[in-house]
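This report refers to the structure that appears directly beneath it.
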Amino acid sequence: MGLGVLESTKSQHVPGTATLDDLNPLAHLHNTHDTHLKRSKDGTILVPQPSDSPDDPLNWPLWRRDLITSILCLLSVIASTLSPLLAANTLTLTLYFRRPFTDIALLTGYHLLGVGLAGFIFVASARVYGKRHLYLLGTVIIIISSAWGGGSGHNYRSLLAARFFQGVGLAPFEALVNASVGDLYFVHERGKRMALSNLSLFGGAFFTPVIVGKLTSTLGWQWSFYLLAIFAAAMLPLVILFCPETAYVRDDALNTDSNTTYASSHPTTTAGKEMHLQPPHHSNTSSLDNDTDNDINLNSPRPTHTTITPTPLISKANLLPINGRKTHDSFLLLLARPFPLFLHPGILWACLIQGTLIGWTVLIGIVLAAIMLGPPLFFNEVQTGYMYTGAFVGALLGFVLAGVLSDSSAKMMTRLNKGVYEPEFRLVLVIPQLIFGCAGLYGFGITSANTSVYGWFWPDFFFALEVMGMVLGAVASALYIVDAHRDVAVEGFTCLLVFKNIFSFGLTFSGYGWLVRGGVRRVFMAIASVQVVVCCLTVFMYVFGKRNRAFFARNDILKMFHLR
């Protein structure tokens, strides 16, 4: 039992468990059992182990991997602005189309529905052909649908259809960017990058209404669509040239964080700790020589190096939308794979931790649009947009806190656990999520229900806390899926995408009615209490998470449903 994580009684090695660093960084120099394991410059064992191929993204220089991640994050910022694009324009669009308030809310609802439905198709396609073609397709769809939305005129149905297809264009970024981070980085490198990718997906969304409110009053609501089309078009060449395929079919023996093979012949190192890594089955080990940006090297008494020359940054192969199949499974089989994963406790926990707070954020947007516009504040679209400043600040603070805690806490707990890393160590991020997120929900409900006393500042302050908690939960759930269940990470992120968007879609239908019937304070007291319960479920996941991983390693849920 390591730091409260219960050991499996039936499996010697559990997928996700890995040795990240030695208690003594120099101990491996005297160890004959793991001489083939590749390590970082500080002695950290690389998880997963990179192959000897120059096409393996783990063998690319770190600056190149970070360039790809930066471009995808920039595109995610642009794509994520689509969801709250109309948050500050509720009154303007209600008068423009002469439609009831709920119809205007459904312009966002059907957009979220488009994200959820497209996610199933795109993730199956990513499994078969990789992710690059979907990033290209998503960018093109965003360009076309944004231009379409801006030119829809007074045709409400046309704008509704454009919003749906904007959701389709957003889907690849919501579903796959976090999985690409898992493709590009070792376990000990993922924390800050995963925090950055989640900030891009969520932080940009909260800054959008701040700009759009002022933009609408100056140029008209149509230009919020036109500018998105222009920015996405400007990013398209960068995706074409500098974002090659990140999916790589690596030998199972190298996936030391997800395989179930145990190196029984060498159960311990000379340092006396348990080994949870099987050396890859190849005779030569390699590193990228003469590249100070790459952190792969082999520390052994007599290392042999096979120099790997990375593929060029821009090449004919990298420019192809698709560079071959990544699996022999059928597309239809892969299309159905996410459905049974909703029964997987680890995936379901991640859906709840991330999806519920995102849904409550949508509900807060309904409150801002419906209540702040009326007495006693009588906000216009510009002032309503400025209310999202708090959310943006909260997203930034959540990103900083997640970046500081995600890797450092995992490394500290790994050292305390005698060098053995458990994915459950990522779940400590839920503690600040519980503190900030739930306090934000309770506080927002109390203060926004009585703006004549509390004014606009305190609702905005608690909105910031709620979003801060949301970002922390998003990072925790994404890291846990990648580290604990990397073999189904893509399908897991599909479940997250579908859950949070369908849940939010439902709130656009029912949220306003809840607020009218129950009142803001009563509704938010209830949902805040629900969120407390959701966060407390993490205790069970932390304690029993390893046994859960072991159970599903022995009893493949996809095989149970004949989907693998």
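Computed from a predicted model, the values in this text were never measured in an experiment. In what follows, residues are counted from 1 in the order of the sequence shown.
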Among side-chain atoms of [X] and [Y], is any donor-acceptor pair under 3.5 angstrom?
| X | Y | value |
| --- | --- | --- |
| Ser180 | Asn178 | no |
| Arg337 | Thr494 | no |
| Trp360 | Glu466 | no |
| Ser448 | Tyr454 | no |
| Asn89 | Tyr96 | no |

Judged by atom type as modelled, is there a donor-acceptor pair below 3.5 Å linking the side chain of [X] to the main-chain atoms of [Y]?
| X | Y | value |
| --- | --- | --- |
| Arg163 | His111 | no |
| Asp407 | Gly191 | yes |
| Asn417 | Met413 | no |
| Tyr110 | Leu160 | no |
| Asn555 | Phe551 | yes |
| Ser200 | Leu75 | no |

Check the angle between the aromatic planes of [X] and [Y] and answer parallel, tilted or perpendicular using the 30° and 60° thresholds.
| X | Y | answer |
| --- | --- | --- |
| Phe461 | Trp458 | perpendicular |
| His344 | His485 | perpendicular |
| Phe505 | Phe509 | perpendicular |

Under 4.5 Å between any side-chain heavy atoms of [X] and [Y], yes or no?
| X | Y | value |
| --- | --- | --- |
| Phe462 | Thr447 | yes |
| Thr384 | Pro209 | no |
| Trp456 | Thr451 | no |
| Asn548 | Trp349 | no |
| Ser158 | Trp148 | yes |
| Ile481 | Leu496 | yes |

Passes side chain to side chain contact (heavy atoms under 4.5 Å, CB included), Phe463 versus Leu368? Steps please. CA-CA 10 Å; Phe463 191 12; Leu368 293 178; 3.6 Å; yes
With respect to Phe392, which candidate in Phe207, Phe399, Tyr386 satisfies the ring-ring contact (aromatic ring centres under 6.0 Å, His included) definition? Phe207
Would Tyr156 and Arg98 satisfy side chain to side chain donor-acceptor pair (under 3.5 Å), going step by step from the backbone distance to the final call? CA-CA 10 Å; Tyr156 172 82; Arg98 297 184 179 180; over 6 Å; no
Determine whether Phe342 and Ile347 satisfy the following criterion, side chain to side chain contact (heavy atoms under 4.5 Å, CB included), listing intermediate values before the conclusion. CA-CA 6 Å; Phe342 283 109; Ile347 304 299; 5.7 Å; no
